[in-house]
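Below you'll find the structure, written out as structure tokens, and then a few comments.
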Amino acid sequence: NDTYIQWTSVAQGNGCAPTFQRLTADGTPQWGPDGIRITQFDFLNHSDGNAIDITPDHDLLACFSTADEVTVAMRLHPDGTYAWGEQGVLLFDGKGGKRAEIIAGKDGSAWALGNDSHNLYLQYITAAGTLNPLITIEAPNDTTISTFGKLVLRDDNSVFLTYEHVYVYQEGSSLSSVVDIHLTGYAKDGTQTVPDFKLMGELNNTGTYSQDVAPDGLGGAYVYINQGDAALQQPFNVRVFHFDADGNSTISDTLGVTVHSTDPAHIYIMPYASVDPVSHDLLITYLQETGSQYEYTVFANRITATGERVWDDGVEVFYNDGNPINKPFIAAFEDGSGFAVTYFKGVDILDPNTTIEAIGMDMNGNVLWQTVLSSSLYMRHLPETISGFHHGQCIIAWANDDDNSNVYAQNFGVDGIIGPTVGIEEIFEDEEEIVNVVSIFNVNGQVMQCNDLNELNTGVYIIQGTTESGKIVNKKIVLTK
């Protein structure tokens with residue numbers, strides 16, 4: 001039930017180096033007060049891309065680019081020791097050096113992705129830290145680059161890769177680009193398993209561009225991008241695509257489905273998505289902005305694998321009365337009953353200071369609760385992601401943007417209550433196999449609905465779960481309050 005957090009800073013002399021911290025369920029740091037900073041390498045004075053993931057046996061995987069323009073992968077045990085040595089594993093035959101991605105395999109292995117100024121590089125790392133053959137995704141010509149890749153693990157430990165072809169050109173005084181998104185797949189021996197094809201057709205783009213993926217829980221994934229072109233009077237919007245477990249596109253329109261009807265008076269930006277574990281629909285939050293009036297509204301929408309917008313133009317989550325909002329995130333509840341949206345709330349358009357709030361909603365878009373996660377008003381460095389709900393709890397982290405640059409984290413439950421709770425899965429921590437909780441019964445055989453033990457009254461309960469091999473495990477607990 002521990003959580004890993006990564007941040008970068010330039011405070012200690014070797015550039016914008018990554019630092020890692022492990023927190024217990026009650027929020028206690030395990031790797032000293034300052035975490036484990038990577039001091040073995042020099043880094044540029046800005047972060048050119050790094051990533052982390054967690055193995056099934058709870059090791060931390062990290063992948064980053066150094067000032068020498070090489071890409072390195074590391075694996076840290078929960079006690080902070082290096083599984084692959086303090087120098088880690090040099091990836092891509094010394095190529096790469098720009099953005100980096102990593103995703104954990106099912107057996108302690110990993111897939112790593114990187115790029116240089118022209119090509120993408122993909123490589124499988126075994127659990128022991130040895131490398132399988134390098135896979136190069138070459139750009140089609142000298143004026144187009146292959147870049148911005150994302151990885152989705154498949155059931156057989158092979159991988160899906162989505163990536164862009166980007167052609168950049170001068171449009172008046174600014175740079176514009178033509179982008180498309182490709183999908184392909186590879187086995188760990190380097191064999192291509194999914195033929196490369198265009199998941200998204202060509203679109204013009206200016207300004208910030210982002211692509212991300214959200215696995216759908218069925219072997220496929222949703223892909224979403226933020227795209228627009230001011231020069232062509234195409235307001236920014238968020239487009240969604242989906243592919244199934246076999247790598248087939250399930251949305252017929254090659255330009256995807258937008259999360260909101262295009263409106264010349266507004267732009268739709270800062271998307272972040274989660275997937276409902278029951279319906280496997282995409283839950284996506286985004287920000288509506290009226291640039292000339294500085295009005296900001298957080299919306300959420302629900303989109304099916306075939307591209308249906310269940311909530312039409314979305315549901316309004318929060319309107320800040322003309323004041324700024326930043327970085328909305330969304331996390332689905334584990335039982336399929338709803339989701340939470342967090343956001344940074346400003347108090348004035350000229351004031352960079354913010355608080356952090358969260359709103360819980362059901363699967364019909366109705367508000368369940370609203371919680372202030374951090375009420376102190378100061379300038380925050382915005383996170384790249386939140387943890388999502390695990391054992392009924394979600395964690396958001398941020399840094400304050402002053403001379404101290406401290407890093408903070410706060411957890412909250414599906415009921416909006418902040419602070420540590422007792423997770424049901426902790427009951428099975430002494431089992432040799434991972435146990436997934438199926439049901440909770442009282443002594444009368446009635447099924448109890450809850451996400452953590454704090455929701456149960458005093459009494460005797462049977463917790464029933466199944467292991468990955470199909471074994472049924474029962475635990476009796478006695479709660480006193």
Side chain to side chain, [X] and [Y], heavy atoms closer than 4.5 Å:
{"X": "I145", "Y": "H165", "answer": "no"}
{"X": "V179", "Y": "M200", "answer": "yes"}
{"X": "I418", "Y": "L373", "answer": "yes"}
{"X": "F243", "Y": "T162", "answer": "yes"}
{"X": "R22", "Y": "T3", "answer": "no"}
{"X": "V238", "Y": "Q227", "answer": "no"}
{"X": "T126", "Y": "N132", "answer": "yes"}
{"X": "Y121", "Y": "L134", "answer": "yes"}

Tell me whether the rings of [X] and [Y] are parallel (<30°), tilted (30 to 60°) or perpendicular (>60°).
{"X": "F389", "Y": "F333", "result": "perpendicular"}
{"X": "W369", "Y": "F412", "result": "perpendicular"}
{"X": "H260", "Y": "Y268", "result": "parallel"}

### Message
Which residue in the set I137, N119, N115, D116 passes side chain to side chain contact (heavy atoms under 4.5 Å, CB included) when paired with T147?
### Response
N115

### Message
So if I apply the side chain to side chain contact (heavy atoms under 4.5 Å, CB included) rule between E164 and each of D180, T144, I181, which one comes out positive?
### Response
I181

Which pair of non-hydrogen atoms, one from [X] and one from [Y], has the smallest distance, and what is that distance?
{"X": "G149", "Y": "L161", "result": "CA-CD1, 4.1 Å"}
{"X": "H182", "Y": "D196", "result": "ND1-OD1, 2.7 Å"}
{"X": "A409", "Y": "I5", "result": "CB-CD1, 3.9 Å"}
{"X": "I356", "Y": "F344", "result": "CD1-CZ, 3.8 Å"}
{"X": "L120", "Y": "S146", "result": "CG-O, 3.7 Å"}
{"X": "W31", "Y": "F20", "result": "CE3-O, 3.6 Å"}

Rounded to the nearest 0.5 Å, what separates atom [atom1] in [X] from atom [atom2] in [Y]?
{"X": "K188", "Y": "T193", "atom1": "NZ", "atom2": "OG1", "result": "13.0 Å"}
{"X": "R380", "Y": "N353", "atom1": "CZ", "atom2": "CG", "result": "8.5 Å"}
{"X": "T290", "Y": "Y296", "atom1": "OG1", "atom2": "OH", "result": "9.5 Å"}
{"X": "M361", "Y": "T285", "atom1": "CE", "atom2": "OG1", "result": "9.5 Å"}
{"X": "L122", "Y": "L151", "atom1": "CG", "atom2": "CG", "result": "6.0 Å"}
{"X": "C16", "Y": "N50", "atom1": "SG", "atom2": "CG", "result": "7.5 Å"}

Output yes when a side-chain donor or acceptor of [X] lies under 3.5 Å from a complementary backbone atom of [Y], and no otherwise.
{"X": "E357", "Y": "T342", "result": "no"}
{"X": "N226", "Y": "N237", "result": "yes"}
{"X": "N141", "Y": "T143", "result": "yes"}
{"X": "W111", "Y": "N157", "result": "yes"}
{"X": "S158", "Y": "A187", "result": "no"}
{"X": "Q192", "Y": "G190", "result": "no"}
{"X": "T71", "Y": "L91", "result": "no"}
{"X": "W84", "Y": "A127", "result": "yes"}
{"X": "N301", "Y": "V259", "result": "yes"}
{"X": "S65", "Y": "E69", "result": "no"}

Side chains of [X] and [Y]: do they bring a donor and an acceptor to under 3.5 Å?
{"X": "D79", "Y": "T81", "result": "yes"}
{"X": "D216", "Y": "H280", "result": "no"}
{"X": "Y124", "Y": "S109", "result": "yes"}

#### Entry: Ring-face cation contact, F160 with R154, 6.0 Å cut, 45° max
yes

### Message
Counting neighbours of CD on E384 that are heavy atoms of other residues, nucleotides or ligands and sit closer than 6.0 Å, is the number greater than 12?
### Response
no

### Message
Tell me whether the count of non-hydrogen atoms from other residues, nucleotides or ligands lying under 6.0 Å of NE2 in H381 goes above 12.
### Response
no

### Query
Does the separation of the ring centres of Y343 and F318 fall below 6.0 angstrom?
yes

#### Entry: For T258, all residues meeting side-chain hydrogen bond (donor to acceptor under 3.5 Å, both in side chains), sequence neighbours excluded
R309

### Query
Do D57 and R75 sit within salt-bridge range, that is, some charged N less than 4.0 Å from a carboxylate O?
yes

### Message
Under the criterion side chain to side chain donor-acceptor pair (under 3.5 Å), I'd like the reasoning laid out for T355 against Y378: C-alpha separation, chi angles, the key distance, then a yes or no.
### Response
CA-CA 7 Å; T355 60; Y378 58 84; over 6 Å; no

